[in-house]
Amino acid sequence: MAGFAACPKCGHRPPQALGPADACPACGAYMHKLRPPASPTERPAAPVPARVSTHAPAAPPVLDRELAALQAVDVQAERGAVLGRAAVLLALAVWGLRLAAYDIATGEIGGSFMHGILLIIHEAGHVFFRILGEFMGIA
């Protein structure tokens, strides 16, 4: 078998031809794992990719169109969603600060809506956290 004048993988030309047991000094590819150099009568082979892809095969064109449609973002709708979420976050922040400002000693917090549902939220936490074990269910 003839030697390799150039690495079929990266194209590096070492000073001496590479034998089948040699590795390319540039990319480390072993010559016995690569195709032998093409004879002058053959068409040159396509270069061997640097990495073999482990990804799934490309989607059919129909799926590509559907994926492109799903990825197309309606800027106006997204802007409205962001503004809506910002408004809800601002309202919750204002409400939270108002609840934090109530005086506990006078029982002022007892008149708020949050006080009425606090017991339900607290006890539901025991049920929901039970799946994490006895300690978390009790805590």
Side-chain angles (χ1 to χ4, degrees):
M1 179 178 198
F4 289 82
C7 175
K9 182 174 180 182
C10 68
H12 175 71
R13 294 188 174 275
Q16 295 178 352
L18 298 169
D22 293 331
C24 174
C27 68
Y30 287 98
M31 298 300 114
H32 70 275
K33 293 185 177 181
L34 301 174
R35 296 179 82 183
S39 67
T41 59
E42 292 180 24
R43 294 188 350 186
V48 177
R51 280 190 188 160
V52 176
S53 175
T54 58
H55 291 65
V62 172
L63 293 179
D64 285 341
R65 285 193 306 263
E66 291 175 4
L67 182 62
L70 288 174
Q71 290 175 341
V73 176
D74 184 5
V75 176
Q76 291 294 78
E78 188 167 320
R79 183 177 297 141
V82 169
L83 290 176
R85 290 177 184 160
V88 169
L89 181 62
L90 179 64
L92 288 173
V94 169
W95 187 35
L97 289 173
R98 186 171 168 212
L99 286 174
Y102 282 155
D103 187 18
I104 296 173
T106 62
E108 185 179 18
I109 189 91
S112 74
F113 168 76
M114 193 64 187
H115 180 73
I117 64 170
L118 188 60
L119 181 64
I120 298 168
I121 293 171
H122 172 89
E123 295 303 327
H126 292 295
V127 174
F128 290 129
F129 283 97
R130 182 174 295 213
I131 64 171
L132 298 177
E134 183 181 5
F135 174 78
M136 287 303 294
I138 293 172

Within the distance-only criterion (no hydrogens, no angle test), does the side chain of Glu108 pair as donor or acceptor with the backbone N or O of Asp103 below 3.5 angstrom?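 Between the backbone of Asp103 and the side chain of Glu108 there is a qualifying donor-acceptor contact (under 3.5 Å).
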
Point-to-point distance, once rounded to the nearest 0.5 Å, from CG of Leu90 to CG of Leu83: 12.0 Å

Looking at NE2 of His122 and CD1 of Ile117, how far apart are the two atoms once the value is rounded to the nearest 0.5 Å? 14.0 Å

Same cluster for Leu118 and Phe128 if Ile/Leu/Val/Met/Phe/Trp/Tyr side chains link at under 4.5 Å? no

Do Ile121 and Phe113 belong together in a cluster built from hydrophobic side chains that touch within less than 4.5 Å? yes

Which of these passes side chain to side chain contact (heavy atoms under 4.5 Å, CB included) with Phe129: Leu132, Ile131, Val127?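 With Phe129 as partner, side chain to side chain contact (heavy atoms under 4.5 Å, CB included) holds for just one option, Leu132.
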
Quick check: do Glu134 and Ile138 have side-chain heavy atoms less than 4.5 Å from each other? yes

All N/O donor-acceptor pairs, side-chain side in residues 11-19, below 3.5 Å, sequence neighbours left out:
none

Gly28 and Ala23: which non-hydrogen atoms are nearest, and at how many Å?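 The pair with the smallest heavy-atom distance is O-CB, 4.1 Å.
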
